[in-house]
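What follows is a single structure, written as structure tokens, with notes after it.
Because the structure is a prediction, the values reported are computed rather than measured. Each chain gets a letter, A, B and so on, in the order its sequence line appears, and its residues count up from 1.
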Number of protein chains: 2
Amino acid sequence: MNYYTISQLAEQFDVSTRTIRYYEERGLISPIRTESGQRLYTKKDRAALKLILRGKRFGFSLEEIHEMISLFDNDRTGRKQLEKTIAYGEQKLKEVTERIEDLMQLKQEMESILADFRERLQKLEGIE
Amino acid sequence: MNYYTISQLAEQFDVSTRTIRYYEERGLISPIRTESGQRLYTKKDRAALKLILRGKRFGFSLEEIHEMISLFDNDRTGRKQLEKTIAYGEQKLKEVTERIEDLMQLKQEMESILADFRERLQKLEGIE
DNA sequence: GTTGACTTTTACGTAAACGTAAACTAAAAT
DNA sequence: ATTTTAGTTTACGTTTACGTAAAAGTCAAC
């Protein structure tokens, strides 16, 4: 398995190294270390970072993202744990679904506003 | 036309009065005032607040929301202005569309993870 | 084997988005 | 008429999510 350095990841995702270290500081990523203390990131760490950045784009706080990651990531072997995780997942899924619907409504509204503006522009061009 | 007081709006949207005043401070809402200085909010102000809060849920900054509002709100009569507004609107529409697609992908992933968890739970129940 | 790029920790700084408290005024209720 | 209750401004405080700088160690290249 090969590793990424922090600056490689930073470049790939166009974020600062400080940002990546901050996510670790908050417990969202846990890269291994070389003997001298340098961070090494696996494909899994990379995937986690990708997830975090996507979550951020959706407006989730790091705290929320942390919650999601740790629930889905940990191997929840016990039955109770599994049930709890499923319930949580269903809840989050519902939230995402609502968000999609909300966004689609916004899209509709924007489209109708745009149509209105285009009509106005046409009328202006008709006069001229 | 009847008005809302600041605390009425705050209650309706479950935000603090400070939050509403802050949005005004940043130029996002402009309620009229009574002679004594009290803020009075029209239906339009209410709609604007609703828009702001929706934008926030989507992870837009107040600055971005401000930009959108002022572009769509102002009566852009001039032809150049109209064209500019339409271009901006198309850009924002594209962003929203991408966001929706992004979210739908996330939804898919969550559903597949959930399906996997459910399967595991079934197996556990089969044993017991 | 030394220069230069990279990394580490520590720590202070900062912008955004409010929270909170004080000091005061106006409105509503009793 | 006088308590509550609600509203106003001013201003300092707080959290989140990093930016930035310093001081020191390390890796890669020439």
Side-chain angles (χ1 to χ4, degrees), chain A residues 1-42 45-46 48-70 95 99, chain B residues 1-43 45-46 48-70 92 95 99:
Chain A
M1 207 192 278
N2 58 341
Y3 297 103
Y4 304 98
T5 69
I6 193 165
S7 56
Q8 280 171 350
L9 275 194
E11 196 189 347
Q12 284 176 38
F13 291 108
D14 194 34
V15 296
S16 71
T17 58
R18 174 68 174 96
T19 295
I20 298 178
R21 287 199 195 93
Y22 180 69
Y23 293 161
E24 180 179 351
E25 209 175 309
R26 300 296 307 274
L28 296 173
I29 324 180
S30 303
I32 59 166
R33 303 290 186 120
T34 68
E35 215 166 300
S36 68
Q38 275 200 33
R39 291 169 175 85
L40 290 182
Y41 298 86
T42 66
D45 293 322
R46 204 191 105 104
L49 179 56
K50 200 171 178 179
L51 249 167
I52 295 168
L53 295 174
R54 187 165 61 177
K56 290 240 67 188
R57 282 205 309 283
F58 297 148
F60 291 111
S61 72
L62 287 183
E63 192 49 42
E64 288 175 291
I65 296 170
H66 187 192
E67 224 183 334
M68 298 187 217
I69 287 182
S70 51
E95 280 177 39
R99 216 142 176 172
Chain B
M1 209 192 275
N2 57 343
Y3 297 102
Y4 303 98
T5 67
I6 193 165
S7 57
Q8 280 171 348
L9 276 193
E11 196 189 348
Q12 283 177 37
F13 291 107
D14 195 30
V15 296
S16 71
T17 58
R18 174 67 174 98
T19 295
I20 298 178
R21 287 196 195 96
Y22 180 68
Y23 293 160
E24 180 179 350
E25 209 175 308
R26 300 295 307 275
L28 296 172
I29 325 180
S30 304
I32 58 166
R33 302 289 187 121
T34 66
E35 213 167 302
S36 68
Q38 273 199 34
R39 292 169 175 84
L40 290 182
Y41 298 86
T42 66
K43 294 254 174 202
D45 293 321
R46 202 191 107 104
L49 179 56
K50 200 172 177 179
L51 249 168
I52 296 167
L53 295 175
R54 188 165 60 174
K56 291 241 69 192
R57 280 205 310 282
F58 297 148
F60 291 111
S61 72
L62 286 182
E63 193 49 42
E64 288 175 289
I65 296 170
H66 188 192
E67 225 182 331
M68 299 187 215
I69 286 182
S70 51
K92 281 295 160 190
E95 280 177 38
R99 216 140 177 173

**Request:** Measure across A/Val15 and A/Ile20 and return the closest heavy-atom pair with its distance rounded to 0.1 Å.
**Result:** CG2-CG1, 3.9 Å
**Request:** Write down the atom of A/Ser16, the atom of A/Ala10, and the distance for their closest heavy-atom approach.
**Result:** C-CB, 4.2 Å
**Prompt:** Near DNA chain C, under 4.0 Å by heavy atom, which residues of residues 54-62 of chain B?
**Reply:** B/Lys56, B/Ser61, B/Leu62
Donor-acceptor pairs under 3.5 angstrom involving side-chain atoms of residues 52-59 of chain B: please list them, not counting sequence neighbours.
| residue | atom | partner | partner atom | Å |
| --- | --- | --- | --- | --- |
| B/Arg54 | NH2 | A/Glu109 | OE1 | 2.9 |
| B/Arg57 | NH2 | A/Asp102 | OD2 | 2.7 |

**Message:** For a quick check, with a 4.0 angstrom heavy-atom cut-off, what is the B/S/- contact string for nucleotides 24-30 of chain C, read 5' to 3'?
**Reply:** --SS---
**Prompt:** Do the side chains of A/Thr42 and A/Tyr3 get nearer than 4.5 Å, heavy atoms only?
**Reply:** yes
**Asked** Are A/Arg21 and A/Glu24 within salt-bridge range, i.e. N to O under 4.0 Å?
**Response** no
**Message:** Please find the pair of heavy atoms, one from B/Leu28 and one from B/Ile69, that lie closest to each other, and give the distance.
**Reply:** O-CD1, 4.4 Å
**Message:** My understanding is that only residues two or more places apart in sequence, or in another chain, count here; which of them pass side chain to side chain contact (heavy atoms under 4.5 Å, CB included) with A/Gln12?
**Reply:** A/Tyr4, A/Gln8, A/Leu9, A/Arg46
**Asked** Side chains of A/Tyr22 and A/Arg18: do they bring a donor and an acceptor to under 3.5 Å?
**Response** no
**Prompt:** Using a heavy-atom cut-off of 4.0 Å to chain A, what are the terminal contacting nucleotides of DNA chain D, in 5' to 3' order?
**Reply:** D/dA17 to D/dC27
**Message:** What I'd like to find out is whether the side chain of B/Gln38 reaches to under 4.5 Å of the side chain of B/Arg33, using heavy atoms alone.
**Reply:** no
**Item:** Smallest separation among heavy atoms of B/Asp45 and B/Ile29, with atom names
**Value:** OD1-CG2, 3.8 Å
**Request:** Could you list by number each residue of residues 10-32 of chain B showing a heavy-atom separation from DNA chain D of less than 4.0 Å, or answer none if no residue does?
**Result:** B/Arg18, B/Arg21
**Asked** Do A/Leu51 and A/Ile65 touch side chain to side chain, with heavy atoms closer than 4.5 Å?
**Response** no
**Message:** Measuring from atom CZ of A/Arg39 to atom OG of A/Ser30, what distance do you get when rounded to the nearest 0.5 angstrom?
**Reply:** 10.5 Å
